[in-house]
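What follows is a single structure, written as structure tokens, with notes after it.
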Amino acid sequence: ETVVTITRMRSFNCIPNSLTCKVVLNMLIKAGRPGEACDLYQLLIMNCQMDQGVVNSAINAFCRAGRLERAVELLREAETEGLGVSEIGYNTLISGYCKAGELQSAYQLLDEMIDKGCAPTVYTYNSMISGLFKAFKFREAFRLIHEMRTEGCMPDLITYSTVVHSLCRAGKAEQLYIVLVEMLDQGVVLSIQTYNAVMKSLCAARKQREALELLGMLMKKCCHPMVETFNILISALCKANDVNGAMKLFNDMVCSSLVPDDMTYSTLIIGLCKAGKVDEALRISNEMVRKGLNASDFTKNVLIDCLCRLGKVNEAYTHFEELARVG
């Protein structure tokens, strides 16, 4: 319908202005139809007033459609026609090549951008850094972060989040911990969801001590942990047979005005049973029942089995009935 409308406008000697063209192209891109936006642009060249904004939208469309070479041609054509050097156009192309894993082409465009007096922005660097991490070029990515600082372009939250999530995915726990400490020292605080992912990565690498230290630093920075944050650490400590540490963390959690959930209690019950601390496990289970929380069947079975093995059959039966009553 859009193509038909623009063609009809032309037949009435009414040429769509650049704003109309840009809006239509962006609308198709936003709707996830970049291919149609590319086709429309070919029509607009003959039927629309062109400016840098329209060309930038077209470059975005061709990049999203995977037609990167054509997108570069548009940038060149715009410069030849006197529309000027486009920072947005270069950034879009660099991002497109990085997403396609063509880092050499992205670097060439970055050098070209700088040679033409167009300073890279934090968006430019973030695209490059993300592409390098996805290609597992960690050293190169960190070199580029150092370079952007040297050039007076400071990393933002997107930069730091990219670094953290990339190191998490790669399982580089030691490097991850060092980066996070540096960030907190610089006053950079990410979302608690990001820190939860970090905690999981550290615990998976059996670095519970570092994870606990990170939790302490977060609380000092007034970055309030969630129940899930404590659950991650309590689970890791129980798996490491440090039930005393897990119970201390549980108490810290309660003191922080957080309300333990069924996962918190179930994890502690299983950990205490495995450590032979059945009386403590029974106390935690009773507390769970009083709060109306329901343990999983596996948790119930572990506790009942533990009581029976210790010859506390009456207690096991009584507790079984209590658990059955709660559901």
Side-chain angles (χ1 to χ4, degrees), residues 1-132 134-135 148 153 156 158-159 162:
E1 288 182 17
T2 306
V3 175
V4 172
T5 302
I6 289 175
T7 305
R8 290 171 105 185
M9 288 175 69
R10 183 69 176 176
S11 66
F12 287 107
N13 204 28
C14 181
I15 300 174
N17 62 27
S18 58
L19 178 61
T20 303
C21 297
K22 187 166 65 174
V23 167
V24 172
L25 287 171
N26 289 339
M27 179 186 69
L28 287 170
I29 294 167
K30 192 174 181 180
R33 295 154 64 185
E36 291 178 49
C38 294
D39 294 339
L40 178 61
Y41 177 74
Q42 298 303 128
L43 176 69
L44 293 176
I45 294 174
M46 301 176 289
N47 296 284
C48 179
Q49 298 172 3
M50 288 288 125
D51 67 5
Q52 191 64 69
V54 176
V55 175
N56 286 341
S57 294
I59 288 171
N60 188 18
F62 280 96
C63 283
R64 287 173 181 264
R67 297 169 64 182
L68 295 168
E69 290 183 6
R70 178 56 182 145
V72 173
E73 288 176 5
L74 294 184
L75 186 75
R76 303 276 185 265
E77 290 168 6
E79 291 176 6
T80 302
E81 291 171 12
L83 294 179
V85 178
S86 171
E87 175 188 301
I88 294 173
Y90 272 106
N91 282 340
T92 304
L93 279 166
I94 289 168
S95 175
Y97 274 106
C98 285
K99 287 175 180 176
E102 298 185 35
L103 295 173
Q104 187 174 351
S105 296
Y107 266 120
Q108 289 172 352
L109 285 164
L110 178 61
D111 291 339
E112 183 182 307
M113 179 184 185
I114 295 168
D115 289 342
K116 291 183 178 179
C118 202
T121 64
V122 68
Y123 179 88
T124 320
Y125 283 113
N126 283 346
S127 296
M128 291 294 303
I129 290 163
S130 177
L132 288 167
K134 284 179 182 176
M148 74 184 285
C153 183
D156 62 5
I158 293 174
T159 318
T162 300

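The basis for the numbers below is simple: all heavy atoms, side chains too, and nothing from hydrogens, waters or symmetry mates.
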How about [X] and [Y]: do any of their side-chain heavy atoms sit closer than 4.5 Å?
{"X": "Met148", "Y": "Met128", "answer": "no"}
{"X": "Asp111", "Y": "Gln108", "answer": "no"}
{"X": "Tyr107", "Y": "Leu132", "answer": "yes"}
{"X": "Asn91", "Y": "Ser127", "answer": "no"}
{"X": "Val72", "Y": "Tyr97", "answer": "yes"}
{"X": "Tyr90", "Y": "Thr124", "answer": "no"}

Leu103 atom CG, neighbour heavy-atom count above 12 within 6.0 Å
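Enclosed: over 12 neighbouring heavy atoms sit under 6.0 Å from CG of Leu103.
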Separation of [Y] [atom2] from [X] [atom1] (nearest 0.5 Å):
{"X": "Asp51", "Y": "Glu81", "atom1": "CG", "atom2": "CD", "result": "11.5 Å"}
{"X": "Leu74", "Y": "Asn56", "atom1": "CG", "atom2": "CG", "result": "10.0 Å"}
{"X": "Ile59", "Y": "Arg70", "atom1": "CD1", "atom2": "CZ", "result": "10.0 Å"}
{"X": "Leu28", "Y": "Arg64", "atom1": "CG", "atom2": "CZ", "result": "12.0 Å"}
{"X": "Thr80", "Y": "Glu73", "atom1": "OG1", "atom2": "CD", "result": "11.0 Å"}
{"X": "Lys116", "Y": "Ser86", "atom1": "NZ", "atom2": "OG", "result": "11.0 Å"}

What are the two closest heavy atoms between [X] and [Y], and how far apart are they?
{"X": "Ile29", "Y": "Ala37", "answer": "CG1-CB, 4.1 Å"}
{"X": "Ser130", "Y": "Thr162", "answer": "CA-CG2, 3.8 Å"}
{"X": "Met113", "Y": "Pro120", "answer": "CE-CA, 4.0 Å"}
{"X": "Pro34", "Y": "Ala61", "answer": "CB-O, 3.6 Å"}
{"X": "Ala119", "Y": "Glu87", "answer": "O-OE1, 4.2 Å"}
{"X": "Cys63", "Y": "Leu68", "answer": "SG-CD2, 3.8 Å"}

Can a side-chain donor-acceptor contact be found between Thr92 and Ser95 if the only test is distance below 3.5 angstrom?
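Absent: no donor and acceptor within the cut-off.
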Polar contact flag, side-chain donor to acceptor under 3.5 angstrom, Asn60-Ser57:
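Ser57 and Asn60 do not have a side-chain donor-acceptor pair below 3.5 Å.
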Any side-chain to backbone donor/acceptor pair from Asn126 onto Ile129? Under 3.5 Å, distance only.
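Side chain of Asn126 to backbone of Ile129, a donor-acceptor pair under 3.5 Å: no, none is there.
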